[in-house]
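Only a predicted model underlies this, so the values are computations on that prediction, with no experimental measurement involved. Because only heavy atoms are used, hydrogens play no part in the values below, and waters and symmetry mates are left out as well, while side chains stay in. Order of listing sets the numbers, starting from 1, for every ligand and every atom in it.
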Amino acid sequence: MNGASRERASGAELLAREAAHRTSPSATDLQYGHTDGVIDLTWGHPDPSALATDAIAQAAEVLLSTRGWQALSYGAPAGAMSLRASIAEHLGHVDGVVAPDDIVIAAGSSGALELVLSLCAVPGDVVFVEQPTYFLALRMFVDHGLRIVGLHSTEEGPDPEHLDQLAAEAARAGVGSLLYLVPTYANPTGRCLGAERARALLDVAARRGVTVIEDDVYRDTNPVAPPSMFSLDPTQVVRLGSFSKSLAPGLRVGYLTSTPAVVNRIATCGLLDSGGGSNHFAAMVVGEVMRSGRFAEVVSAGQDRYRARRTALSQALDHDLFRFDEPDGGFFVWLRLPDGCRSSDVVDAARAGGVLVSDGRLFFADRADDSYVRVSFSMLEHDLLVEGATRLNLAVSRMKRR
Ligand SMILES: Cc1ncc(COP(=O)(O)O)c(C=O)c1O
């Protein structure tokens with residue numbers, strides 16, 4: 001066991017220490033930043049103090065002593081069979097039958113999305129998205145020259161008739177089309193798409209030849225997550241999964257599940273052939289964490305932690321100021337602001353009051369709706385979440401009084 005895993009520091013303390021040791025603001029190995037005295041509710045990252053350090057260290061040790069060179073060699077292009085078999089078993093418990101051969105290991109769900117966009121789309125294709133949606137997926141669509149089209153959406157999800165109409169137009173123009181969704185504990189809303197709406201969207205997708213990309217990274221945050229869209233219609237869907245939210249994002253291990261044709265197209269691509277799969281060593285470590293039974297332990301502890309935190313944050317937010325649903329999973333609460341409050345003004349006022357929140361406009365393809373902010377409960381412990389909510393309540397109630 002190493003020093004980091006014995007520490008009892010909170011995530012916020014670990015972040016503050018890391019920032020204090022930097023020689024310059026950019027001299028960091030990490031993505032996230034830290035400002036002393038400020039409570040940052042913008043990051044959708046797991047709590048640094050709760051990352052699966054011990055389980056991963058133990059798995060790496062066992063792996064190196066039992067598999068030695070095989071863990072350090074180039075891997076199979078689709079990813080180590082030992083991990084694919086464990087993922088198939090895990091998904092079988094939560095979500096119906098998936099065969100190891102229907103799975104490709106990737107560098108996180110982002111790496112899986114990159115593979116899909118590189119191999120199943122061409123510049124000029126259309127990608128339909130729910131409004132709001134995961135903002136960094138929008139960046140990846142731009143990188144690939146895709147045309148992003150926001151669908152009319154309500155709390156029930158995107159409108160299937162709107163998809164039908166736009167997909168028909170794309171087909172008439174000879175343009176390929178994709179539908180990107182985060183249907184389970186979505187980023188940013190925390191909502192789940194109901195089975196009826198999911199089926200209606202899948203029907204349109206099947207009729208119009210739209211490939212559905214199901215970004216499923218928050219599935220393991222609730223033990224009774226609804227069935228995936230992939231399980232409703234595997235012929236139409238590429239589902240992206242990840243160990244970033246359950247074990248650790250730094251592993252960069254995720255996967256996709258799809259039809260044999262899509263899996264074969266991706267698993268035989270030049271990148272995975274030349275590279276020997278994605279992140280073979282980390283993937284083998286994850287396989288060992290799953291084989292040893294510690295994955296179930298870590299996931300269950302995460303579910304308890306995040307349940308307590310989403311309740312703490314939801315209860316501390318002022319229900320007379322904000323309209324929101326307390327989510328059952330995921331990492332986020334999506335707040336509708338009081339009438340007349342604009343998200344950019346709320347972000348500024350909150351920052352001045354010592355709390356950071358994400359401007360909801362980021363999550364709309366057209367950036368038009370400025371009546372929401374997103375707050376995350378994943379990274380900080382109870383007291384900081386309550387203090388962050390209190391600061392936000394104060395900042396917004398002051399704005400309202402002006
Ligand atoms: C919806 C969604 N997809 C993908 C990711 C990134 O996942 P990964 O670390 O597996 O690439 C995130 C992380 O915030 C997310 O919210």
Measure the distance from [atom] to every protein heavy atom, then report the residue, atom name and distance (to 0.1 Å) of the closest one.
atom: atom 3 (N) of ligand 1; answer: Asp215 OD2, 2.7 Å
atom: atom 4 (C) of ligand 1; answer: Ser109 OG, 3.2 Å
atom: atom 13 (C) of ligand 1; answer: Lys245 NZ, 2.8 Å
atom: atom 6 (C) of ligand 1; answer: Ser110 OG, 3.5 Å

Of the backbone atoms (N, CA, C, O) and the side-chain heavy atoms from C-beta on, which set of [X] has a member under 4.0 Å from an atom of ligand 1: side chain, backbone, both, or neither?
X: Tyr218; result: side chain
X: Ser244; result: side chain
X: His45; result: neither

Please could you name the atoms of ligand 1 that [X] approaches to less than 4.0 Å, counting only its heavy atoms?
X: Arg252; result: 8 (P), 9 (O), 11 (O)
X: Gly108; result: 10 (O), 11 (O)
X: Ser242; result: 8 (P), 10 (O)

Hey, can you pull the donor-acceptor pairs under 3.5 Å for the side chains in residues 274-285, sequence neighbours left out?
| residue | atom | partner | partner atom | Å |
| --- | --- | --- | --- | --- |
| Asn279 | ND2 | Arg252 | O | 2.7 |
| His280 | NE2 | Gln70 | O | 2.9 |

Is the closest N or O pair between Tyr180 and ligand 1 shorter than 3.5 Å? no

Contacts of type side-chain contact (heavy atoms from CB on, under 4.5 Å), residue Asp345, not counting sequence neighbours: Arg342, Met399

Can Arg208 and Asp164 be counted as an ion pair, charged N to O under 4.0 angstrom? yes

Tell me whether Asp215 is salt-bridged to Arg239, with the criterion being a basic N under 4.0 Å from an acidic carboxylate O.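 Between Arg239 and Asp215 there is no salt bridge, as every charged N stays at least 4.0 Å from the carboxylate O atoms.
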
Which of parallel (below 30°), tilted (30 to 60°) and perpendicular (above 60°) describes [X] and [Y]?
X: Tyr180; Y: Phe141; value: perpendicular
X: Trp334; Y: Phe363; value: perpendicular
X: Tyr255; Y: Phe243; value: tilted

Nearest to atom 5 (C) of ligand 1 by heavy atom, Phe135, Trp43, Tyr134, Tyr255: which?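 Residue with the shortest heavy-atom distance to the ligand atom: Tyr134.
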
Honestly, is Arg336 close enough over Tyr372, meaning NZ or CZ under 6.0 Å from the six-membered ring centre and within 45° of the axis?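 Yes, cation above the ring, under 6.0 Å and within 45°.
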
